[in-house]
Novice: 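I am attaching a structure below and will ask some questions about it afterwards.
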Amino acid sequence: MMLQMDKQEAQQRIESLKEWLKKWNYDYFVLNKNEVSEAARDKIKRELEELEAKYPEFVTEDSPTQRVGSALSGKFAKIKHVRAKQSLSDIFDDNELEDWEERIQKLVPGDNIEYVSELKLDGLNISVIYKKGKYFKAITRGDGVHGEDVSHAVKTIKSVPLELNEIEGVSLENYPDIEVSGEVFMSKQALKDLNERGEQQFANPRNAAAGTVRQLDPQVAAERNLEMYFYTLNLLDNTTLPNPTSQLESLELMKSLGLRVNEHSKLIKDTAGVSKEIKHWEKKRDSLPYEIDGLVLKVNAFAQQKSMGSTAKAPRWAAAYKFPAEQSTTVIEDIQVQVGRTGTLTPVAYLRPTQVAGSTVARATLHNQDEIDRKDVRIGDTVIIQKAGDIIPEVVEVLKDLRTGKEKAFKMPSKCPVCGSDVIQEEGEVALRCVNPKCFAVHQQQIEHFVSRKAFDVDGLGEKVIEQLIAEKLIEDVADLFTLERDALMQLELFKDKKTDNLLSALEKAKVISLPRFLYALGIRFVGAETAELVANHLKLPTHKIVLDEAQQKDQLSLFAETPKAGEKIEVADIEELIKGLEALSLEELMDIEGIGDKVAEQIHAWIRDEDSVHLLKKLQKVGIKLTVEHQKRASNKLEGKTFVLTGTLPSMSREEAKALIKKNGGKASSSVSAQTDFLLAGGEVGSKLAKAEKLGVKVIDEAAFLKMIS
Ligand code: IVH
């Protein structure tokens with residue numbers, strides 16, 4: 001969506017977009033720095049392309065849309081590429097894929113086109129030259145014509161062979177000069193380990209890889225565990241080796257030469273298959289040990305590639321099909337304040353709606369006044385927003401170059417925008433809070449939290465329904481939910497027989513709940529699901545057995561909970577016992593629970609001493625809530641008193657599974673290696689934890705040895 005603008009405004013916008021892009025290109029290609037993602041760059045570049053297409057009179061030769069790459073930093077020897085390096089044009093959706101297919105189909109009329117899809121690794125393109133089969137030089141892409149000599153650093157990469165394999169009976173002596181290029185990258189684990197070591201922080205694997213190949217000290221490069229996959233082969237003046245006729249044959253040949261080739265490359269018959277493949281990888285990308293940001297599509301047959309040729313910038317026969325961006329740019333139309341469950345006031349940016357990672361985003365959190373000041377966010381600003389996974393979209397950066405002067409600064413209010421009470425700022429905290437316990441916003445959200453997925457998990461109680469229940473005075477607090485009557489519910493808007501019955505049965509089921517979930521549901525400040533679990537494990541509440549009736553049978557989502565079946569006897573604790581248990585916990589005892597900080601302990605301690613809390617708990621007892629207490633059944637005591645730290649990828653189980661096994665056998669799992677560590681359970685030979693363990697003399701074991709310990 002483009003703003004309506006007149007010609008003069010368009011020219012101004014073009015100028016500022018160009019400036020911004022130039023700076024970005026310089027940071028990215030020359031300084032190997034990018035605080036701003038490629039996705040945001042793409043969006044700006046698109047806007048510029050669109051504006052330039054509309055107003056061609058404003059296109060200048062120095063526009064970033066008119067040239068490839070950029071200058072060198074001058075730190076390394078400059079080397080001219082044997083063949084100029086091109087870049088790839090981007091495809092962002094199936095429509096663009098279709099357009100691309102249509103365009104190239106015209107260039108080879110009547111031909112059947114097949115594609116090779118390769119993973120688009122998030123790393124850095126490097127060319128390696130082999131002379132007589134021996135490693136000779138490695139060069140960065142640079143500006144496409146000249147690159148930098150990074151032979152010393154690339155030589156340290158274990159997946160780069162120093163000598164090629166002999167094939168077809170041709171001795172290395174008779175090999176032509178070979179130029180191969182591919183992606184140098186860092187695995188997710190290696191990047192994590194590197195960042196944990198803390199010498200330098202890298203935002204993504206590309207930056208880390210770029211920073212590492214440009215290390216002057218090859219020793220440092222070697223320690224950082226770079227990897228490489230090759231994808232392009234160029235046999236120079238070849239008379240001895242077989243010449244491949246397609247990308248697939250080329251990949252095969254590289255493989256036989258001993259060059260590492262990614263195993264997920266695939267021959268695909270048509271663009272429908274390509275579209276399926278991208279969806280497949282979008283789902284599976286998280287399970288890969290390295291980052292990818294899309295697929296690279298290449299026409300398989302070299303003869304067809306040749307007929308299609310290249311534009312000034314990129315080959316026509318290849319394209320990068322990128323995953324939906326997790327970043328985008330848009331404009332802040334307004335800033336409003338929301339009041340949360342614990343009374344915290346949060347400024348929220350109302351955005352001109354934009355697509356991010358496949359969905360429309362219209363709001364982003366600005367966190368608090370400090371954040372607003374630090375980023376200098378103003379109403380009317382063009383900003384980069386980001387969405388990752390389930391996380392609430394946030395404003396990453398303001399593009400200040402695009403300001404017009406009409407932007408308005410924002411200040412948080414001194415009164416709660418919902419109830420009008422004064423707001424306070426607690427010592428040592430940045431957030432403002434409404435401390436009126438009767439504030440409608442706070443009350444409503446406490447209830448929403450109580451029934452949310454990780455708490456009581458009641459389906460059919462959304463924001464709107466809860467709002468109605470409060471407005472109609474059907475509930476005053478969460479305990480009232482469990483005494484709701486059918487007739488009363490039927491009076492509500494949209495409540496028909498089925499919906500009412502479903503809700504009532506969901507509430508009945510919810511009455512039996514695990515202790516950690518219950519503690520979490522209470523909405524005590526700072527008590528998240530993990531803290532709740534810690535407190536629950538610490539409390540030793542007396543229990544009695546009850547028989548679960550049909551209506552109460554339900555799944556429990558905890559690792560060790562055995563799903564109780566109707567008619568089965570289960571052990572439960574009464575809320576009265578919980579009150580006693582919590583009241584008996586001294587502040588010191590709470591603080592001593594491993595994993596619970598002082599601030600959290602103080603909140604819990606104060607909460608149970610508040611008479612409103614006790615009143616609510618008693619009311620919940622009265623409506624029949626029962627707490628299941630999960631006795632983690634120990635499989636053995638074989639690991640009693642032993643502390644484990646995990647690193648790397650284990651061959652047959654996830655780290656979570658391994659941790660669960662450790663606990664189940666009486667051991668402890670900790671996150672960092674120290675003198676207290678007994679064993680480092682390591683998958684693979686990499687990582688800083690391994691180095692530390694060796695230094696401290698901690699015994700390092702693999703999965704097989706671990707399994708033997710508990711068998
Ligand atoms: S082929 C003609 N294949 O993507 C261009 N590139 O946006 C030759 N990339 O600079 C590149 N995975 O760093 C190709 N399987 C793959 C790739 C790949 C990642 C990167 C590469 C290139 C950029 C282009």
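As a basis for the values below, the full set of heavy atoms in this structure was taken, side chains included, without hydrogen atoms, waters or symmetry mates. Whatever order the structure lists them in is the order used to number ligands and atoms, beginning at 1.
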Novice: Between ligand 1 and Lys298, is the shortest N or O to N or O distance under 3.5 Å?
Specialist: yes
Novice: Considering only NZ, NE, NH1 and NH2 on the basic side and carboxylate oxygens on the acidic side, decide whether Glu96 and Arg46 come within less than 4.0 Å.
Specialist: yes
Novice: From the options Asp293, Leu124, Asn125, select the one whose nearest heavy atom is closest to atom 22 (C) of ligand 1.
Specialist: Asn125
Novice: For atom 23 (C) of ligand 1, which of the options Lys120, Gln247, Lys322, Arg206 provides the nearest non-hydrogen atom?
Specialist: Lys120
Novice: I'd like to check whether Arg141 has a polar contact with ligand 1, where a contact means an N/O of the residue lying under 3.5 Å from an N/O of the ligand.
Specialist: no
Novice: Once you measure the plane-to-plane angle for Tyr115 and Trp100, does it fall in the parallel (<30°), tilted (30-60°) or perpendicular (>60°) bin?
Specialist: tilted
Novice: Is it true that, when you exclude Arg197 itself, more than 12 heavy atoms of the residues, nucleotides or ligands shown sit nearer than 6.0 Å to its CZ?
Specialist: yes
Novice: Considering residues, nucleotides and ligands other than Lys188, do more than 12 of their heavy atoms fall under 6.0 Å from its NZ?
Specialist: yes
Novice: Where is the nearest protein heavy atom to atom 15 (N) of ligand 1: which residue, which atom, and how far?
Specialist: Glu118 OE1, 2.9 Å
Novice: Of the protein's non-hydrogen atoms, which lies at the shortest distance from atom 13 (O) of ligand 1, and what is that distance?
Specialist: Glu183 OE1, 2.8 Å
Novice: Determine whether the aromatic ring centres of Tyr290 and Phe185 lie less than 6.0 Å apart.
Specialist: yes
Novice: Side chains of Ser652 and Glu703: donor-acceptor distance under 3.5 Å anywhere?
Specialist: yes
Novice: Quick test of your reading of the structure: of Leu119, Leu121, Leu88, whose heavy atom lies closest to atom 19 (C) of ligand 1?
Specialist: Leu121
Novice: Considering only heavy atoms of Gln86, which atoms of ligand 1 have at least one such atom less than 4.0 Å away?
Specialist: 5 (C)
